[in-house]
Amino acid sequence: MPHELPKSYEPGAIETHWAEYWVKEKLFSVPTPGPGEKRPVFTLLLPPPNVTGRLHMGHMLNQTQMDIIVRWHRMRGFVTLWLPGTDHAGIATQMMVEKQLESEGIKRRELGREKFIERVWEWKKHYGGAILDQMKRLGASVDWDRLYFTMDENLSRAVREVFVRLYEEGLIYRGKYIVNWCPWHGTAISDLEVKHEEVAGKLWDIRYPVIGSSEFITVATTRPETMLGDTAVAVNPKDERYLHLHGKKVLLPLMKREIPIITDELAQPEFGTGAVKVTPAHDPNDFAAGKRHDLPQIDVMDEHAHMNQNAGVYAGLDRFEARKRVLEDLRKQGFLVAEKDYKLALGKCDRCGTVIEPRLSEQWFVKIKPLAERAKRAVENGEITIVPDNFRQIYLNWMANIYDWCISRQLWWGHRIPAWTCAKCQHVTVVRETPLTCDRCGSTELEQVPDVLDTWFSSGLLPFTTLGWPEKTRDLEVFYPNTLMITGFDILFFWLARMIMFGCHFMQGHRQDAAIKNASGEGEKGDDSVPFRHVYIHALVRDAERQKMSKTKGNVLDPLEVIERFGTDATRFTLAAMAAPGTDIAFNEGRTDGYRAFANKIWNAARFMFMNVDRLEDSQRSLASVQAMWGQPPKPVFSLELGARPEQSPGSLRAGVLGFTAVTLEDHWILSRFNRVAADVNAALETYRFHEAANRIYDFFWGEFCDWYLELIKPRLQRAEPHNKLARLAAGEDMDKISTELEAELAELREEVGPERMADAERKTEQAIRLYEERRATRRAGWRENEFGNAMANIRDVVAADREMSATACKNLVSLFDASLRLLHPVMPFITEEIWQAMYEGQAPLKSIALAAYPQADEKQFDLAAETEMSILQDLIVNVRNLRAELKVESKLKVPIEVFVHEPEIRTMIEHNRGAVERLANVEKVTFVEGSLAKLAGSRSTSRFDVHVVHERKIDVAAECERLKKELEKIEKELANNQKQLGNEQFRAKAPAHVVEGLGKRGQELLVLREKTQSKLRELGCA
RNA sequence: GGGCGGUUAGCUCAGCUGGUUAGAGCGCCUGCCUUACAAGCAGGAGGUCGCAGGUUCGAGUCCUGCACUGCCCACCA
């Protein structure tokens, strides 16, 4: 069946088709392996995107890398689970829905909590799947049957379980502390959600009058409005300037409140005046000092950072407005002594950019140190490895300096804290399910605490809650610990660290099945409580100018748009090829365009392959009809059978190049090269060097497979071609055409196959034509009669032998293509699937290439000799091409060349492959000569051969001199360096043998090259 | 204030554990529509590897300092 493929690759329809197919066929759904499963398990949790999210480049990078690793494992025979889900994303979702309501003129608070939550669920039902659809377009091979949502009932139950257990263990506590408060969101947020930004601010010196004296004490502040809540002034106890003021009081300006002067380490003598105002309700340090001195806490603001009734006349003002007014009033009243420029790190809300207000409020906290210690150990002692290595240290530092985690949020959307306050005794009951009575007084007047949990609290549990915890499920047994976690460093602390803390705490000694434990192999340590064994931290995707992508800058690249333009495969390839561990990716579309070209290259190579398959099948049919004519049984039609494929068990032995028969030099060479690539790619993926894997395949496929191998096998492939026509004509009915066509065929036959080899066939064909001509002259019919038939029969052996040669070459081509597709599949899943499926014309042995075996290197197929010979041949060809260009020989003109080769075996090798030289360098005839050609103008030399292009056009002597001089200079320089090193006793003694040997060899080459270059320079009479 | 990265061709980047001639893509120049591919083919130009020292037989690669640049962390007024 002819393969009709369009001339250039159009990814759009092909990609959506396979994306749908993969999902529909449930190719990546993993049933839970039962006991006795011997295959190793690979588990990866998708960092759940926010339900509100739209796919961005970061996701795409993350998912591409995960998908590459996942597909690679799957093809190597692992039980491979990639578990997808979405995150309820507390604040983000709440805001989204709130905005939607506002557009309908509805306020959240008017709607009420319950109704609002209903609306959120409704929203989720409609829009929450958008990002998942986008993921499908990327080809992410996740198990869609296991899709979860962090607010699913079973996950919620697990969250409550965790909360209650931690509470019972004393690791969760409740209390009134200073927290980071976002006045815009109206909720507490964690330290991590505060971004510090350096801004040019002011430092104001304010003097407070000391009571009972005419003295003032001057304090410095960046936030004068908080003075309204001052409850003391602190000086350092050792500060001699203030010894006389110890125990005195000051009168707080504006508020006219008497507040004490206290002595506390809070005040550092070196800073400013050494005296500091103390505002326990608005600053964490002051809060601590206030505790030490039992100071009152006066909160002067409300939840939206407007001044409250405690702020006296300033009540109702926004905090910044209040600052202005306070300063104005202080100035008027003579309390403001100085105003200086001051650089300060202003804390802003990560989400909305509002300046954070440290606020005193009742919140819930996780006592983090005990959890952190275990989590730190897990990384320290190698239970978890982190790549790149530097993140390990960052992680450990963070763990060592960690503070308690504020987990309560004043929001509506999220996991509600399972705590109920008693109206009667104020006691708080913490239980898994809604309680009927108060723990302490038995009252039934209970009200659930309105707060919800930080989103990261539930995400931190996902490695085990998604597998069924707290039940002891088989899934947990098999898939926990996960094998790998791939994520960006931006959520290293938010998420990764918390997963490790929670996992280590809740999953101690969970795994019972030794078989599973062994199968996951690789010398693991610890008690299987860690959430995952390996962590790979990927870089940030920036724009082409290295800027961080952000909505406000408007430089956000929409991956779907990029995909639209270049295709998913090309986009994936870009991300993979640019992802060197540890460095950010400046996404640059030029690269993507280049990889689109690569896809096109693959596509066209496939067209070439199909063309030859068709040709061969055609030839087979023609031959068969001729054979039938001769009364011989036809041979079986060429087929793509590459040997039995391992059904559902990739990773088995048949992973390499299947059904390949190395006949010629280029066969041995390409087989060797393929195996090296396979070795390199596997090694690269093992260490997350995606760029290396991608580039290696690219270079192989384009630079070796297409540029050289395909070109080299063309004559063999096309050998069947002339016979096709011959045979068709011989069997055909249209007798009028035969004569002329037969003659044309004959000419073509000579051209294609070469005179020596086809002499016999040619002679016979000529004979056939003559016979035919005779017969036509007498009577029209009867050409099938014996004489002609016999003549045709005589050429059949030649024809059959050539067809056989073509068949082998074609089979090799197909086999190599198949292996290359499998090698490339994890990076470019779509185009590889499309071509692979086309190769089997709907008869593929597996449902998808994604289930086929990943190529593994076979060292026995490394062939150094073939590689060396091939590189000499390539050298020769390139030198001839180079000379042709230099001589400006018309590109179509075939030129004769002369070659001098010193080593006889290399000469023999070139002789054997002279056809290749003739074809690829457009050479008419290769003549071997006995003496050096190095001096000749129009020649090129390497240390192994001289080659001379015979052509009347002479080279530009001046330019040639220039070139030679430059070359000589380079040679001299390298030679000098070479001799210096070889002459160095230390080097000979200390350097490894192969280096010394290699240098020696190179030295010899350089000497030869120098000699040749010099003699040519002399000959040309260069100055 | 601490910590971490980057600096290699005009541009974007590779170059793993120090080892023979520093690579690729894009761009540029020259010639080709050669029946897989002009999104292509062939050939070419272009680099004192940020600067200065040091270790070593040997440094783009390791160490120190400096410069520029980016990022993360941080409750000092």
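Per chain, numbering begins at 1; letters A, B, ... match sequence-line order. Hydrogens, waters and symmetry mates are skipped; everything else that's a heavy atom, side chains included, is used.
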### Message
If you only use heavy atoms from C-beta on, which nucleotide in B:G19, B:G40, B:A74 is closest to the side chain of A:His196?
### Response
B:A74
### Message
Looking at A:Lys714, I'd like to know whether one of its side-chain N or O atoms comes within less than 4.0 Å of OP1 or OP2 on B:A36.
### Response
yes
### Message
Students often get this wrong, so: under 4.0 angstrom with heavy atoms, is A:Arg884 touching a base, only sugar-phosphate, or nothing?
### Response
nothing
### Task
Determine whether the aromatic ring centres of A:Phe701 and A:Phe705 lie less than 6.0 Å apart.
yes
### Task
With A:Lys277 as reference, evaluate A:Asp283, A:Thr231, A:Thr226 under the side-chain hydrogen bond (donor to acceptor under 3.5 Å, both in side chains) test and give the passing residue.
A:Thr226
### Task
Classify the nucleic acid contact of A:Pro358 as base, sugar-phosphate or nothing, counting any heavy atom under 4.0 Å across all strands shown.
nothing
### Query
Using a cut-off of 4.0 Å on non-hydrogen atoms, how would the nucleic acid contact of A:Ile394 be classed: base, sugar-phosphate, or nothing?
nothing
### Task
Give one of base, sugar-phosphate or nothing for A:Phe690, where a contact means two heavy atoms less than 4.0 Å apart.
nothing
### Message
For A:Arg944, is there an ion pair with A:Glu1005 - N to carboxylate O distance below 4.0 angstrom?
### Response
no
Protein-nucleic acid N or O pairs under 3.5 Å, nucleotides 42-44 of chain B:
residue, atom, partner, partner atom, Å
B:A42, O3', A:Arg881, NH1, 3.3
B:G43, O3', A:Asn882, ND2, 3.2
B:G44, OP1, A:Asn882, ND2, 2.8

#### Entry: Full working for side chain to side chain contact (heavy atoms under 4.5 Å, CB included) between A:Tyr9 and A:Asn604
CA-CA 8 Å; A:Tyr9 180 56; A:Asn604 277 292; over 6 Å; no
### Message
Once you apply a heavy-atom cut-off of 4.0 Å, does A:Leu266 come out as touching a base, just sugar-phosphate, or nothing?
### Response
base
### Message
Suppose the criterion is salt bridge (charged side-chain N to carboxylate O under 4.0 Å, His left out): which pairs have a residue in residues 984-999 of chain A, not counting sequence neighbours?
### Response
none
### Task
Answer with base, sugar-phosphate or nothing: what part of the nucleic acid does A:Lys973 contact at a heavy-atom distance below 4.0 Å?
nothing
### Query
Under a 4.0 Å heavy-atom cut-off, which of residues 691-704 of chain A touch RNA chain B?
A:His691, A:Tyr698, A:Trp702
### Query
Is a salt bridge present between A:Glu972 and A:Lys970, judged by a nitrogen-to-oxygen distance below 4.0 Å?
no
### Task
Using atom CD1 of A:Ile386 as one end and atom C1' of B:C4 as the other, report the distance to the nearest whole Å.
15 Å
### Query
How would nucleotides 6-11 of chain B be written as a contact map, 5' to 3', with B for base contact, S for sugar-phosphate-only contact and - for no contact, using protein heavy atoms under 4.0 Å?
------
### Between P of B:U21 and CG of A:Leu1007, the distance in whole Å
14 Å
### Task
Grab the CZ-C1' distance between A:Phe987 and B:A59 for me, whole Å please.
14 Å
### Summary
Out of B:C13, B:C57, B:G40, minimum distance to the side chain of A:Gln986 belongs to B:C57
#### Entry: Atom-pair distance (NZ on A:Lys888; C1' on B:C32), nearest Å
14 Å
### Query
If only side-chain N and O atoms of A:Lys990 are considered, is one of them under 4.0 Å from the OP1 or OP2 phosphate oxygen of B:G19?
no
### Message
Using a 4.0 Å heavy-atom cut-off, does A:Thr221 contact any base of the nucleic acid, only the sugar-phosphate backbone, or nothing at all?
### Response
sugar-phosphate
### Task
Tell me what A:Glu711 touches on the nucleic acid: a base, only sugar-phosphate, or nothing, going by heavy atoms under 4.0 Å.
base
Indicate every side-chain donor-acceptor pair of residues 873-885 of chain A with a distance under 3.5 Å to a residue at least two apart or in another chain.
residue, atom, partner, partner atom, Å
A:Asn879, ND2, A:Asp875, O, 2.9
A:Arg881, NE, A:Leu920, O, 3.1
A:Arg881, NH2, A:Leu920, O, 3.3
A:Asn882, OD1, A:Arg940, NH1, 2.4
A:Asn882, OD1, A:Arg940, NH2, 3.3
A:Arg884, NH1, A:Leu893, O, 2.9
A:Arg884, NH1, A:Asn922, O, 2.8
A:Arg884, NH2, A:Glu890, O, 3.0
A:Arg884, NH2, A:Ser891, O, 3.3
A:Arg884, NH2, A:Leu893, O, 2.8

### Query
At their closest point, which heavy atom of A:Asp350 faces which heavy atom of A:Lys195, and how far apart are they?
OD1-CG, 3.3 Å
### Query
Between A:Lys966 and B:G46, does any side-chain N or O lie under 4.0 Å from OP1 or OP2?
yes
### Query
If you take atom types as modelled and just measure distance, does the side chain of A:Asn984 reach the base of B:C57 with a donor-acceptor pair under 3.5 Å?
no
### Task
Identify which one of A:Phe489, A:Phe391, A:Phe690 satisfies the ring pair (Phe, Tyr, Trp, His ring centres under 6.0 Å) criterion when paired with A:Tyr536.
A:Phe690
### Query
Whole Å only: how far is the CD atom of A:Glu589 from the C1' atom of B:C26?
13 Å
### Query
Rounded to the Å, how far apart are A:Asp593 CG and B:C13 P?
17 Å
### Message
Does A:Tyr403 reach a base, just sugar-phosphate, or nothing at all? Heavy atoms under 4.0 Å.
### Response
base
### Task
Please list every stem that involves RNA chain B, where a stem is a run of 3 or more consecutive Watson-Crick or G-U wobble pairs with both pairing distances under 3.5 Å.
B:1-7 with B:67-73, B:10-13 with B:23-26, B:28-32 with B:40-44, B:50-54 with B:62-66
### Query
So what does A:Tyr9 touch, heavy atoms closer than 4.0 Å: a base, only the sugar-phosphate, or nothing?
base
### Task
Return yes if the base of B:C16 and the side-chain atoms of A:Arg689 contain a donor-acceptor N/O pair under 3.5 Å, otherwise no.
yes
### Least distance between heavy atoms, A:Ala188 atom then A:Cys406 atom
CB-SG, 4.1 Å
### Query
Can you tell me if the side-chain N/O atoms of A:Lys892 get under 4.0 Å from OP1 or OP2 in B:C33?
yes
### Task
Remember a base hit wins even if backbone is also touched, and classify A:Glu10 as base, sugar-phosphate or nothing at under 4.0 Å, heavy atoms.
base
### Task
Could you tell me the separation between the CZ atom of A:Phe566 and the P atom of B:C26, rounded to a whole number of Å?
13 Å
### base_contact_polar (B:C37 base, A:Lys7 side chain, donor-acceptor, <3.5 Å)
no
### Query
Given B:A36, B:U20, B:C37, which nucleotide is nearest the side-chain atoms of A:Glu974?
B:U20
### Query
What's the CE-P distance between A:Met578 and B:G15, to the nearest Å?
12 Å
### Task
Have a look at A:Ala684 and say if it touches a base, only the backbone sugar-phosphate, or nothing, with a 4.0 Å heavy-atom cut-off.
nothing
### Query
With a 4.0 Å cut-off, would you call A:Arg963 and A:Glu960 a salt bridge?
yes
